[in-house]
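Here's the structure we're looking at; comments come further down.
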Protein chains: 2
Amino acid sequence: MNNNTEYTPIDWANLGTLKFVSKGTLLQEEGMKSTKSFYVKKGLLRSYTIDDNGKIHIFMFAPEAWLVSDVASYINSKPTDFFVEAIEDSEIMEFEMTSISVDFSHSEDGKIHPEISKLLRRIAVLQKRVIMLMSATARERYEHFLETYPQLINRVPLKMVASYLGITPEALSSIRRKMRNKEI
Amino acid sequence: MNNNTEYTPIDWANLGTLKFVSKGTLLQEEGMKSTKSFYVKKGLLRSYTIDDNGKIHIFMFAPEAWLVSDVASYINSKPTDFFVEAIEDSEIMEFEMTSISVDFSHSEDGKIHPEISKLLRRIAVLQKRVIMLMSATARERYEHFLETYPQLINRVPLKMVASYLGITPEALSSIRRKMRNKEI
DNA sequence: CTAATTTCTTAATCTACATTAAGACATTCG
DNA sequence: CGAATGTCTTAATGTAGATTAAGAAATTAG
């Protein structure tokens, strides 16, 4: 048990190879053996899969200070299912997941390392998303998205928001119309 | 960077307070401030939420050697949304999440600590679940469940499987009938 | 053991969203 | 700049699964 409350956070912004990528650049494609991760210094990435019918499903958006990595591919040593694409001109730090070294411990006052906290937050977000995908209406999920990521609204096309929510653009348009008309 | 390949895994089975609980016991209720986690030595737990319409949504099952904890509640210091219930007579180790101390680091040969590996596997599973909830049919999700957790089939009532899959029991019955009839 | 309760299945009807189609407008490309 | 392409919206039609209802069988409770 490490009782030292002073952690040295990972300096994500200087961990690997700095890259400037323009909008539309594919940083990762499905089928690749992917041990790389991407930290967003500036810009916006998305991670997505394409299903058997050719439909795109956005798994996550990653604005500044976010980290994109395919944990499943890394932990199972399998080719990734995910594409990673820049949806704005971006500045990213690309690094190997093996570069990471963190002490997962609690201080006396209950603090945990910020990077482990980041990992646990990832789990918390995914937990919520699973439950909402099972129990909430598409509208409720959109409303939750608006509350949770207000800064993304002007940066992400509605079509992609729909893809992230697991609904069609038409459904999202319909929802937005109802919200404008103050329908229940 | 710790280059020592010999980790001391957490001895979950002896970490906190041993409890014998009978089937139906509620270990945790929504609204509780929950910092506890439960390690299953023997038996089976489920973690679930109840939505505004009173409908139960099972977030996870936890058979032997599994760990149940509400990361979201812990990380956000908010009351939990989740119930935790024993669905078999069970033997569990109950402990505080602050008890955990692990070194998240990689050895020279790329190994990571088994507990961090466990955490990353949790993320991988949730990743997959999110994508499938967005892109797969209910049948595909059931088939994936059968492949992934074959040992649960005889221990968990079909009604609960349906709840875990985010579908109704009627839908699951319909799917099973089609599979029996070899329909596409 | 019997009565009560739960589980599972079936089928008819309903519904939230998907699919298809297309127009208006905005953005990108050459 | 004009043409091509993409985005967003709208509406009609279709569909996978939800809801409602109920019977048969299994399990639980007293």
Side-chain angles (χ1 to χ4, degrees), chain A residues 22-25 44 46 48 50-58 61 85-89 131-146 152-181 183-184, chain B residues 22-25 44 46 48 50-58 61 85-89 131-146 152-181 183-184:
Chain A
S22 53
K23 176 178 175 178
T25 305
L44 186 57
R46 68 167 172 163
Y48 63 93
I50 300 183
D51 70 27
D52 293 343
N53 304 310
K55 195 167 175 186
I56 291 178
H57 302 282
I58 296 182
F61 296 111
E85 178 192 6
I87 54 179
E88 288 173 2
D89 293 345
I131 293 295
M132 289 198 82
L133 279 165
M134 289 202 290
S135 63
T137 61
R139 177 173 178 162
E140 285 164 346
R141 301 207 301 283
Y142 178 56
E143 285 170 340
H144 179 72
F145 181 84
L146 293 179
L152 283 185
I153 300 302
N154 294 321
R155 300 175 68 179
V156 178
L158 290 176
K159 175 175 137 172
M160 284 190 191
V161 174
S163 180
Y164 174 83
L165 295 175
I167 62 177
T168 61
E170 291 85 6
L172 183 56
S173 274
S174 177
I175 285 164
R176 284 160 53 80
R177 183 174 65 241
K178 285 171 187 157
M179 286 167 77
R180 280 197 306 267
N181 296 345
E183 286 183 37
I184 295 181
Chain B
S22 53
K23 177 179 177 180
T25 305
L44 185 59
R46 70 167 170 163
Y48 63 92
I50 300 184
D51 70 25
D52 293 345
N53 304 310
K55 196 166 172 184
I56 292 178
H57 301 281
I58 297 182
F61 296 110
E85 178 192 7
I87 52 179
E88 287 175 2
D89 294 345
I131 293 295
M132 289 197 84
L133 278 166
M134 288 202 292
S135 63
T137 62
R139 177 172 176 163
E140 286 164 345
R141 301 206 302 283
Y142 178 56
E143 286 170 340
H144 179 72
F145 181 84
L146 293 180
L152 284 184
I153 301 301
N154 293 322
R155 299 174 70 178
V156 178
L158 290 176
K159 173 175 140 174
M160 284 191 192
V161 173
S163 180
Y164 174 83
L165 295 175
I167 62 177
T168 62
E170 291 84 5
L172 183 57
S173 273
S174 177
I175 286 164
R176 285 160 55 81
R177 182 175 64 242
K178 284 169 186 160
M179 287 168 75
R180 281 195 307 266
N181 296 345
E183 287 183 36
I184 296 182

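Labels below follow one simple rule: chain letters A, B, ... track the order of the sequence lines, proteins then strands, and each chain is numbered from 1.
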* Counting any heavy atom closer than 4.0 Å, what does B/Gly24 reach on the DNA or RNA strands: base, sugar-phosphate only, or nothing? -> nothing
* A/Thr137 near the nucleic acid: base, sugar-phosphate alone, or nothing, with a heavy-atom cut-off under 4.0 Å? ->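 A/Thr137: backbone/sugar contact only, no base atoms under 4.0 Å.
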Any [X] side-chain N or O less than 4.0 Å from OP1/OP2 of [N]:
X        : N      : value
B/Arg177 : C/dT9  : no
B/Lys23  : D/dT28 : yes
A/Arg180 : D/dT10 : yes

* **Given A/Arg46, A/Lys159, A/Met160, the one that forms side chain to side chain contact (heavy atoms under 4.5 Å, CB included) with A/Ile56** =>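 Passing option: A/Arg46.
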* To do: Would you confirm whether A/Ser163, through its side chain, and A/Ile58, through its main-chain N or O, come within 3.5 Å as a donor-acceptor pair?
  =>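 Yes; at least one donor-acceptor contact below 3.5 Å.
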* Asked: Would you say the side-chain atoms of A/Asp51 pair up with the backbone N or O of A/Asn53, donor to acceptor, closer than 3.5 Å?
  ->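 Here the side-chain-to-backbone pair exists.
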* Angle between terminal axes - the helix from C/dC1-D/dG30 to C/dG30-D/dC1, 5 pairs each end, rounded to 10° -> 60°
* Asked: Heavy atoms, side chains only, cut-off 4.5 Å: are A/Met134 and A/Ile131 in contact?
  ->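 SC-SC contact between A/Met134 and A/Ile131 confirmed.
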Output the single nucleotide from [options] whose closest atom is nearest the side chain of [X].
X        : options               : value
A/Thr168 : D/dT9, C/dT7, C/dA18  : C/dA18
B/Glu170 : C/dA11, D/dC8, D/dT10 : C/dA11
A/Leu158 : D/dT19, D/dT7, D/dT9  : D/dT9

* Asked: Without hydrogens or angle criteria, can the side chains of A/Arg176 and A/Tyr142 be said to hold a donor-acceptor pair below 3.5 Å?
  ->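 Looking only at side-chain atoms, A/Tyr142 and A/Arg176 do form a donor-acceptor pair, the distance falling under 3.5 Å.
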* Closest-nucleotide ordering on DNA chain D, the 5'-leading residue of A/Pro157 and B/Ala136 ->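 Per heavy-atom nearest nucleotide, the more 5' residue is A/Pro157.
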